[in-house]
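See below for the structure under consideration.
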Amino acid sequence: MMNTPFATTVITWQKQHGRHSLPWQQNPTPYRVWVSEIMLQQTQVSTAIPYYNNFMDKFPTIGDLARCDTDTLMKYWQGLGYYSRARNLHKAATIIVNEQKGIFPETRAQLVELPGIGRSTAAAIMSLAYNQPDAILDGNVKRVLCRYHGITSDPKATSTMKVLWQKAEDNSPTENARAYTQGMMDLGANICTRTKPSCTYCPLHTSCYAHTHQMTNTIPAKTQRAKPKPKDLYLLLEVRDQKIRLIKRSNTGLWAQLYSPALFESFTELNPDNKVLHPLPRYKHKLTHLTLTIYPFIDLNPSNHEDQWQLLSDITLGLPTGIKPALELLNAYIQVATLPQESL
DNA sequence: TAAACGTGGGG
DNA sequence: TCCCCAAGTTT
């Protein structure tokens with residue numbers, strides 16, 4: 001079987017003009033490719049790179065990852081978001097090390113059995129790590145295929161996804177799978193961009209439907225999405241001796257397995273005994289599906305708890321980004337509150 | 001099937 | 001300021 005002209009064009013272009021210096025492209029072992037693919041889910045390359053380098057320094061092998069404790073892992077993932085990715089990464093590592101003799105799966109069917117690996121991530125590992133033909137369908141590829149084939153329906157709709165997977169499979173090469181997969185992502189990321197695509201430099205532009213019909217502005221179609229729901233959270237900042245009380249969050253739901261000061265859904269739950277608390281200014285933190293309004297309160301006379309008490313100046317546990325503004329406000333307040341009286 | 005799940009970049 | 005969305009998967 002020969003590669004299709006489409007695939008040959010993408011492969012030739014990738015070798016000449018695609019990306020070759022990304023960290024996970026150096027020594028692309030299954031483990032290194034896997035970690036990169038998980039980090040890159042719904043995450044831009046520039047965001048993932050520093051996390052990836054730190055992660056690989058700390059966990060150079062799958063054995064290092066399997067042996068690590070959750071708190072250390074979450075510290076390395078803090079700020080990257082979608083924290084279930086870290087939990088699933090760890091779970092999969094223990095499965096491979098403890099149940100599969102440390103041998104990384106070598107087929108798509110085995111890969112998708114692991115937590116956190118879906119069809120597209122499995123195909124990315126197959127092609128990028130093993131150079132085996134397997135079609136991915138990420139945001140980049142969706143955009144390229146929608147434009148090239150003139151697919152005008154909502155790319156997120158199930159029916160459209162079925163068509164796109166079929167196109168992806170049809171175009172998939174039999175040789176040079178690694179360069180092809182990388183090329184499709186490089187095209188989507190750097191040439192066939194969401195706005196103002198650089199069609200002049202695209203090796204596919206003469207046969208691209210959206211380009212030849214001047215429809216790159218309308219393809220792919222915008223996907224309708226639910227508005228984020230407003231939600232109020234009440235944050236109790238318990239402080240004593242320059243230390244703050246942190247509680248490990250449950251292993252499901254928002255910010256799972258990270259640490260946070262006590263969080264409540266109402267002020268009554270936060271302060272049932274009407275203690276004297278100091279309110280800090282509220283602030284907003286936006287997520288894809290929620291708009292949080294966070295109301296922080298300082299408690300300078302906390303009762304005894306057997307949770308983690310960490311120095312405010314040296315928090316070694318993973319915190320959600322949405323909590324950090326409260327700690328900034330708290331630090332500013334403590335600076336002022338602890339000044340000598342004569343300087344006030 | 002639709003909603004949950006984070007954060008940051010860009011227009 | 002607001003909206004879109006980025007190497008998606010899970011429930």
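A gap of 23 Å separates the P atoms of C:dT9 and B:dG8, to the nearest Å. C:dC4 and B:dA3 have their P atoms separated by 16 Å, given to the nearest Å. C:dA7 and B:dC5 have their P atoms separated by 23 Å, given to the nearest Å.
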Check: Is there a side chain to side chain donor-acceptor pair (under 3.5 Å) between A:Q242 and A:S313 once you walk through the steps?
Finding: CA-CA 8 Å; A:Q242 301 293 317; A:S313 56; over 6 Å; no

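Aromatic ring centres of A:Y283 and A:Y295: separated by at least 6.0 Å. The ring of A:Y333 has its center closer than 6.0 angstrom to the ring center of A:H278.
In this structure, the OH atom of A:Y82 is 14 Å from the C1' atom of C:dA7, given to the nearest Å. One interatomic measurement links the two molecules: CZ of A:R87 to P of B:dA4, which rounds to 16 Å at whole-angstrom precision. Atom CD of A:E37 and atom P of C:dA7 are 11 Å apart (whole Å). Rounded to whole angstrom, the span from the OH atom of A:Y51 across to the P atom of C:dA7 amounts to 18 Å. When the C1' atom of C:dC5 is taken as reference, atom CZ of A:R194 falls 6 Å away, rounded to whole Å. The separation between A:Q224 atom CD and B:dA2 atom P is 9 Å, rounded to whole Å. Straight-line distance from the CG atom of A:L89 to the P atom of C:dT10: 12 Å, rounded to whole Å. Counting to the nearest Å, the P atom of B:dT1 and the CG atom of A:D154 are 13 Å from each other.
Within 4.0 Å (heavy atoms only), A:K196 reaches no atom of the nucleic acid at all. Among the atoms of the strands shown, only primed sugar atoms or phosphate atoms (P, OP1, OP2) are found under 4.0 Å from some heavy atom of A:I117. Among the atoms of the strands shown, only primed sugar atoms or phosphate atoms (P, OP1, OP2) are found under 4.0 Å from some heavy atom of A:T158. A:S120 comes within 4.0 angstrom of sugar-phosphate atoms only, judged by non-hydrogen atoms across all strands, and of no base. If you check every strand for non-hydrogen atoms under 4.0 Å, A:G188 touches nothing. Nucleic acid contact for A:R143: sugar-phosphate only, since backbone atoms but no base atoms lie under 4.0 Å from a heavy atom of the residue. Counting non-hydrogen atoms under 4.0 angstrom, A:L254 reaches the backbone sugars and phosphates but no base. Counting non-hydrogen atoms under 4.0 angstrom, A:L22 reaches a base of the nucleic acid. Residue A:V141 is classed as having no contact, given no heavy-atom separation below 4.0 Å to the nucleic acid. When heavy atoms are screened at a 4.0 angstrom cut-off, A:T223 is found touching the sugar-phosphate backbone but no base atom. Residue A:W77 is out of contact with every strand shown, counting any heavy-atom pair closer than 4.0 Å.
Applying the 4.0 Å criterion to OP1 and OP2 of B:dG6, one finds that A:H285 has every side-chain N and O outside that range. One finds no side-chain N or O of A:K229 lying less than 4.0 angstrom from the OP1 or OP2 phosphate oxygen of B:dA3. Taking side-chain N and O atoms only, A:S84 has no distance below 4.0 Å to OP1 or OP2 of B:dA4. Within the structure, a side-chain polar atom (N or O) of A:W255 is placed less than 4.0 Å from OP1 or OP2 of B:dT7. The side chain of A:H289 places an N or O atom within less than 4.0 Å of a non-bridging phosphate oxygen (OP1 or OP2) of B:dC5. Between A:Q44 and the phosphate of B:dG9, there is no side-chain N or O to OP1/OP2 separation shorter than 4.0 Å.
The aromatic rings of A:F6 and A:H149 sit parallel to each other, their planes meeting at less than 30°, with 60° as the upper class boundary. Taking the six-membered ring for Trp and thresholds of 30 and 60 degrees, A:H213 and A:Y209 have nearly parallel ring planes, at less than 30 degrees apart.
In this structure, A:R119 satisfies the cation-pi test against A:W165, with its NZ or CZ atom closer than 6.0 Å to the six-membered ring centre and inside 45 degrees of the ring normal.
Taking the nucleotide of DNA chain C with the nearest heavy atom to each of A:L40 and A:G116, the more 5' of the two is matched to A:L40. For the pair A:A226 and A:T321, both in contact range of DNA chain B, the more 5′-proximal nearest nucleotide belongs to A:A226. Comparing A:Q25 and A:V112 by the nucleotide of DNA chain C that holds the closest heavy atom to each, the one mapping nearer the 5' end is A:Q25.
Distance alone, capped at 3.5 Å, places no donor-acceptor pair between the A:K75 side chain and the A:L319 backbone.
For A:T288 against B:dG6, a side-chain N or O and a base N or O form a donor-acceptor pair under 3.5 Å. A donor-acceptor contact under 3.5 angstrom links the side-chain atoms of A:T43 to the base of B:dG6. Taking only distance into account, the side chain of A:R225 never meets the base of B:dA3 through a donor-acceptor pair shorter than 3.5 Å.
No side-chain N or O of A:D154 forms a donor-acceptor pair with one of A:T223 less than 3.5 Å apart.
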